[in-house]
Amino acid sequence: MTAEPTTAEAGRDFIRDIVQADLDAKKHRAIVTRFPPEPNGYLHIGHAKSIGLNFGIAQEFGGRCHLRFDDTNPTREEQEFIDSIQADVRWLGYDWGKNLFFASDYFEQLYEWAEGLIRAGLAYVDDQSQEEIRLARGTLTEPGKNSPFRDRSVEENLGLFRRMKAAEFPNGARVLRARIDMASGNINLRDPVLYRILHAHHPRTGEKWSIYPSYDFAHGQSDAIEGITHSICTLEFEDHRPLYDWLLDKLPVPSKPHQYEFARLNLTYTLLSKRVLTELVRGGHVAGWDDPRMPTIAGLRRRGVPPAAVREFIKRIGVAKANSVVDVGMLEFCIREVLNQTAQRRMAVLRPLKVVIENYPEGKVEEIEAVNHPDDPAAGTRRVAFGRELYVERDDFMENPPKKFFRLSPGNEVRLRYAYFITCREVVKNAAGEVVELRCTYDPATRGGNAPDGRKVKATMHWLSASHSKPAEIRLYNPLFANPGPDAVNFTADLNPQSLEILMDARVEADVAASHSLDVMQFERQGYFVRDKDSTADRLVFNRTIGLRDAFAKEVGKG
RNA sequence: UGGGGCGUCGCCAAGUGGUAAGGCAGUGGAUUUUGAUUCCACCAUACGGAGGUUCGAAUCCUCCCGCCCCAGCCA
């Protein structure tokens, strides 16, 4: 009897089922997976699904996961992305150890295998133009036509291919093609291009090569070289699998990996295509790849989303082959779940309204003790200054409150969290009729927040001392797109004009201002916030990661 | 109309012939110095549709319908 791997959740998805079955059948000594990004952009939450799957399987089944850059197209790839991708994978909490690879590490081997294919009569150099090749490929319903160069001799093919390698021809002059079947129902088998001429600088191999292998000629072989057992990719590569297998079958590769496909992640109110993300940045619709509204890993990080929340999300959505669109609310739930347990509580007033406690002695200041986390005594306490002049949230006051409004209103008594009960006695307005200040009284007997006579209040509000709190800029984020299913083609039409709201006059606890911590805090009753990198010595900037659930707002929304 | 896939609750998603897991959302209630959290309850006689096989079908067979991917010298 073999013990069940304790960490593997057998049956959680079809890929893990396959892995488990392969292990039970003793097909492999160890499971080896890989995450194979092309370094041509920043990673986003869709990649996180793949990362979580590949690294997760390796972890759960006691194997390893390689990080391999699929750098076969030097015209699109940059060192900047090679660096950012590694940083993002690490931030997500995964470690490839020594297993960092590049498809370009295998260029020499790949080239030799290509010559081997030519010698076996399984590949040929085609002199047709790109246009001619396209026309001869046929259509979805009509078979293709053989290239007039398809039956060249091995010697001629070898000579031409070597001259391609020797940079004797310009871009596009010739390609190396596999000799398979121009009439195949699977277009990927209609003599796919294996090598193309590209006179370009490669971030790793520099000017050494002037021909580069295509994805199809590089991927499976790279998997085989690294001993990958389960090569997991997304659905659109399903029709490439026959080619993947064909190449591994014809070539003297050291191992025989298998490809499995799953559905990529889609999220409501979100677009994840590289093209859209790039245009969002280039077009200035967002502040950059790490704009907190971006679904990039860098954006999530800057927004304050903890990596554990991303991992939790990936785990919850599962892995299957059905195309689907996950409700972004699922991600938000995961973020709140993690943050609720980890974030320390503080107070901040986003839209301040001045309150003067008329019966509180002028000049008196008290240090009120507040807990840092209601469910975790170990998080300790802190002291918050209380005085005669305070700020409360504008939304917490209504001059003419509807029935279910329990917060401050003329004559109503509420609790200031940890401090005292106060009652609103008078509303001060400016010439325009706007409420600018509240005159209140407090009950000294309620210090700490409880009335000795046992009387209750229906609301507890957060507050800050006017003179002790510090000013801050707070950035509130809403979905980048106003439409749950944004149009990827004409995405600008679906952009949410309210995706960013900046509050310039917010106030935060002195304690918050003094800290340079990048930990996410909960500003009580508001949500989770994190200090932004735009903060300077005299300007504090905070990003709202996510708001708290708000049953009251929902109630009001009902009408 | 070629080839490859997929269709189970509003959204994800288990289920692999034995009588529909779970999560998110939603609804109702309890607790609460965050209208937060936590807790309890409710939430698919039904598995794209129609036939068939079977004592028994979401699971097997047939036909039909719908959706996605493929005609880059991108990945």
Side-chain angles (χ1 to χ4, degrees), chain A residues 11-13 17 36-38 40 70 72-73 75-76 126 128-130 133-135 137-144 171-177 183-190 192-198 211-212 214-216 218-219 233-242 261 263 268 274 313 315-334 336-337 340-341 345 347 370-371 374-375 404-407 415-419 421 446 448-450 456-462 484 522-527 547-556:
Chain A
R12 216 178 73 190
D13 61 65
D17 285 348
E38 182 188 16
N40 69 342
D70 225 330
T72 58
N73 186 347
T75 65
R76 317 181 352 143
D126 196 339
Q128 292 183 105
S129 68
Q130 189 162 357
I133 288 179
R134 184 173 64 77
L135 260 18
R137 187 149 29 225
T139 68
L140 294 179
T141 52
E142 298 160 325
N171 284 356
R174 288 175 230 264
V175 290
L176 181 72
R177 291 230 257 169
S184 173
N186 182 343
I187 289 173
N188 293 118
L189 261 22
R190 314 237 271 226
V193 169
L194 269 20
Y195 269 91
R196 72 283 212 193
I197 298 170
L198 246 31
I211 56 172
Y212 290 88
S214 62
Y215 163 84
D216 288 303
H219 206 94
C233 61
T234 43
L235 251 29
E236 67 269 27
F237 291 101
E238 273 179 317
D239 347 315
H240 288 248
R241 185 167 9 104
E261 310 87 12
T268 55
K274 201 161 282 177
F313 172 68
K315 193 170 163 186
R316 278 174 186 265
I317 58 174
V319 178
K321 295 193 74 159
N323 286 310
S324 59
V325 183
V326 177
D327 189 333
V328 74
M330 189 90 89
L331 209 213
E332 295 174 345
F333 170 85
C334 294
R336 289 191 185 101
E337 184 177 57
N340 176 49
Q341 291 168 43
R345 314 287 125 124
M347 290 194 284
V371 306
D375 306 320
K404 293 234 177 105
F405 187 87
F406 307 137
R407 282 110 94 146
R415 170 165 45 230
L416 292 182
R417 180 147 227 222
Y418 303 120
F421 284 10
T446 59
N450 284 305
K456 304 287 184 198
V457 288
K458 294 183 101 167
T460 299
M461 296 172 20
H462 58 97
Q522 181 191 104
F523 287 163
E524 294 207 59
R525 302 207 308 134
Q526 314 265 16
L548 256 27
R549 286 186 70 214
D550 191 347
F552 176 66
K554 204 177 289 174
E555 183 75 26
V556 171

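Everything numeric in this text was worked out from a predicted model, so none of it was measured. Side chains included, hydrogens not; waters and symmetry mates left out as well; all remaining heavy atoms used. Within every chain, numbering begins at 1; the chains are lettered A, B, ... in the order of the sequence lines, protein sequences first and strands thereafter.
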Q) Can a side chain N or O of Arg137(A) be found less than 4.0 Å away from OP1 or OP2 on G3(B)? A) no
Integer angstrom distance from the [atom1] of [N] to that of [M]:
{"N": "G10(B)", "M": "C43(B)", "atom1": "C1'", "answer": "11 Å"}
{"N": "G3(B)", "M": "U16(B)", "atom1": "P", "answer": "31 Å"}
{"N": "C64(B)", "M": "G72(B)", "atom1": "P", "answer": "30 Å"}
{"N": "G51(B)", "M": "A13(B)", "atom1": "P", "answer": "29 Å"}

Measure distances between side-chain N and O atoms of [X] and base N and O atoms of [N], and say whether any donor-acceptor pair falls under 3.5 Å.
{"X": "His462(A)", "N": "A36(B)", "answer": "no"}
{"X": "Arg345(A)", "N": "U34(B)", "answer": "yes"}
{"X": "Gln341(A)", "N": "U37(B)", "answer": "no"}

Q | Glu38(A)/Lys274(A) salt bridge by N-O under 4.0 Å criterion | A |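 No, Lys274(A) and Glu38(A) are not salt-bridged.
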(Q) Under 4.0 Å, counting only non-hydrogen atoms across every strand here, what does Tyr215(A) touch: a base, just sugar-phosphate, or nothing? (A)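 Here Tyr215(A) touches the bases of the nucleic acid.
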Q.
Just verifying a value: how many Å separate Asp550(A) CG and Arg525(A) CZ, rounded to the nearest 0.5 Å?
A. 9.5 Å
Q) Under 30°, 30 to 60°, or over 60°: which ring-plane class applies to Tyr215(A) and His219(A), parallel, tilted or perpendicular? A) tilted
Protein-nucleotides 4-8 of chain B N/O pairs under 3.5 Å:
| from | atom 1 | to | atom 2 | distance (Å) |
| --- | --- | --- | --- | --- |
| G5(B) | O2' | Glu238(A) | OE1 | 3.4 |
| G5(B) | O2' | Glu238(A) | OE2 | 3.4 |

Q: Could you please name the option among C12(B), C73(B), A75(B) that lies closest to any side-chain atom of Val193(A)?
A: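 Nearest listed nucleotide: C73(B).
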Q) Can you tell me the Watson-Crick or wobble partner of A14(B), both distances under 3.5 angstrom? A) none
Q | For A21(B), the Watson-Crick or wobble partner whose two distances fall under 3.5 Å | A | none
Q. G52(B): syn or anti, with syn meaning chi within 90° of zero?
A. anti
